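All values reported here derive from a predicted model rather than from experimental measurement. In each ligand, atom 1 is the first atom listed, and ligand 1 is the first ligand listed.
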Amino acid sequence: MDVVFERKLELALGIWQYWFRSQRAVDFVPGQYVDLFLSDVAGDPRGSSRTFTLASLPSEPSITFITKHFELQTPYKYALQTLTADASARIGEAMGDLVLPKSPNVPLVFVAGGIGMASYASMLRDLIARKEERPIFLFYVLRTRREQLFRELTDVYPLQLKQIILAPNELTAQEIKATTPPDSLVYLSGSQTFVEDLRGSLEALGTPRSRIVFDYYDGYAEL
Ligand SMILES: Cc1cc2nc3c(=O)[nH]c(=O)nc-3n(C[C@H](O)[C@H](O)[C@H](O)COP(=O)(O)OP(=O)(O)OC[C@H]3O[C@@H](n4cnc5c(N)ncnc54)[C@H](O)[C@@H]3O)c2cc1C
């Protein structure tokens with residue numbers, strides 16, 4: 001589907017939010033992601049697209065996502081950063097199973113590493129919009145408080161637990177297990193290392209593979 005770049009905003013040092021609008025509503029379930037294809041990407045070994053998790057609601061006229069820019073960046077990220085208003089781009093079909101379960105009673109554990117928090121934004125927005133309260137336990141690992149995203153959602157939604165873990169402290173699978181119900185569905189989102197480490201430790205502590213849902217944002221050493 002064709003989309004048009006609208007605007008971007010720096011939320012914290014190097015962390016940017018982007019907005020694109022489309023002719024018709026983008027069909028997705030909160031928590032899903034799309035591939036964003038740009039036309040002016042020269043010489044990028046990974047090509048002209050990257051995957052981004054949609055942080056907006058399906059009913060909103062624009063889609064939005066969060067990403068990170070570093071001083072030394074790929075040709076793709078450079079092309080993204082230098083888009084001018086009304087530049088055209090393209091998105092693929094929405095995909096992904098990091099979405100809310102049908103039953104509203106399942107306890108949900110949302111674990112975010114850095115901008116991995118973006119994976120939960122659309123789900124929280126959706127629940128707030130529908131005034132639906134689910135038992136949600138949030139663990140949010142950050143390098144600094146300044147990088148805390150989506151406070152407008154986490155301050156409003158009645159979370160059962162909101163645990164912010166600031167570096168150099170680390171979140172352990174033991175802590176998650178000790179503070180959440182045993183039948184929880186555990187969501188993991190962040191860098192590959194963050195997600196794989198926690199997933200392995202949770203499984204080692206007895207969390208069945210089927211109770212862990214995850215997305216990792218590849219290409220980042222840390223988030
Ligand atoms: C399910 C899923 C959801 C995702 N959601 C998001 C999201 O919401 N937000 C998000 O930001 N990302 C998301 N990602 C990851 C995203 O698709 C990109 O892989 C990520 O943004 C890194 O892209 P990049 O172009 O910066 O680095 P990559 O192309 O992955 O390059 C790897 C690294 O190479 C180094 N590098 C620096 N300069 C260059 C250069 N000139 N040429 C080559 N390499 C260089 C950098 O350290 C860079 O990080 C998601 C991925 C998946 C699979």
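For Phe65, the closest heavy-atom approach to ligand 1 does not fall below 4.0 Å. Taking a 4.0 Å cut-off on heavy atoms, Tyr216 registers as neighbouring ligand 1.
The protein non-hydrogen atom at the shortest distance from atom 18 (C) of ligand 1 is Asp218 O, 3.5 Å. Here the heavy atom of the protein found nearest to atom 3 (C) of ligand 1 is Thr53 OG1, 3.5 Å. Looking at atom 30 (O) of ligand 1, its nearest protein heavy atom turns out to be Arg46 NH1, 2.4 Å. Here the heavy atom of the protein found nearest to atom 13 (C) of ligand 1 is Thr51 O, 3.2 Å. The closest protein non-hydrogen atom to atom 9 (N) of ligand 1 is Ile66 O, 2.8 Å. Protein heavy atom nearest atom 7 (C) of ligand 1, with residue, atom name and distance: Tyr217 CE2, 3.5 Å. Atom 12 (N) of ligand 1 has its closest protein heavy atom at Tyr220 CE1, 3.6 Å. Looking only at heavy atoms of the protein, atom 26 (O) of ligand 1 is closest to Lys77 NZ, 3.1 Å.
The residues Lys177 and Glu175 are annotated as not salt-bridged, no charged nitrogen and carboxylate oxygen being separated by less than 4.0 angstrom. A salt bridge does not link Arg50 with Asp218: none of the charged nitrogens is closer than 4.0 Å to a carboxylate oxygen.
Defined by atom type and a distance below 3.5 Å, a donor-acceptor pair is present between the side-chain atoms of Thr51 and Asp35. When only modelled atom types and interatomic distance are considered, Thr67 and Tyr220 share a side-chain donor-acceptor pair under 3.5 Å. Thr53 and Tyr217 are linked by a side-chain donor-acceptor pair at a separation below 3.5 angstrom, with hydrogens and angles left out of the test.
Below 3.5 Å of separation, one finds an N or O of Gln73 facing an N or O of ligand 1. Between Tyr33 and ligand 1, a contact under 3.5 Å exists for no N or O pair. Distances between N or O atoms of Pro75 and those of ligand 1 include no value under 3.5 Å. When only interatomic distances are considered, the shortest N/O to N/O separation between Tyr76 and ligand 1 does not fall below 3.5 Å.
Relative ring orientation between Tyr18 and Trp16 is described as tilted, the plane-to-plane angle lying within the 30° to 60° band.
The ligand atoms of ligand 1 that sit less than 4.0 angstrom from a heavy atom of Thr74 are 24 (P), 25 (O), 26 (O), 27 (O), 28 (P), 29 (O), 31 (O), 36 (N), 38 (N), 39 (C), 40 (C), 41 (N), 43 (C), 44 (N), 45 (C). Applying the 4.0 Å criterion to heavy atoms of Thr67 picks out, from ligand 1, the atoms 10 (C), 11 (O). Of all atoms in ligand 1, numbered sequentially from 1 with element shown, those under 4.0 Å from a heavy atom of Gly219 are 30 (O), 32 (C), 33 (C), 48 (C), 49 (O).
Within a 4.0 Å radius of atom 47 (O) of ligand 1, the protein has no heavy atom. Under the 4.0 angstrom criterion, atom 35 (C) of ligand 1 counts as lacking any protein heavy-atom contact.
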In sequence, state the C-alpha distance, the side-chain angles, and the governing distance for Arg199 and Arg209, and then conclude on side chain to side chain contact (heavy atoms under 4.5 Å, CB included).
CA-CA 8 Å; Arg199 186 173 163 232; Arg209 196 165 265 224; 3.7 Å; yes
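Pairing each heavy atom of Ser201 with each of Ala173, the nearest pair is CB-CB, 3.5 Å. Between Lys68 and Ile115, the shortest heavy-atom contact is N-CD1, 4.1 Å.
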Using atom types as modelled, flag every donor-acceptor pair under 3.5 Å from a side chain in residues 87-107 to any protein atom, sequence neighbours excluded.
residue	atom	partner	partner atom	Å
Ser103	OG	Asn105	N	3.2

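Each ring pair (Phe, Tyr, Trp, His ring centres under 6.0 Å) pair with one or both residues in residues 114-144, not counting sequence neighbours, appears once here: Phe110-Tyr120.
Results of the side-chain contact (heavy atoms from CB on, under 4.5 Å) test with Phe150 over Leu124, Val156, Ile66 single out Ile66 as the only residue that passes.
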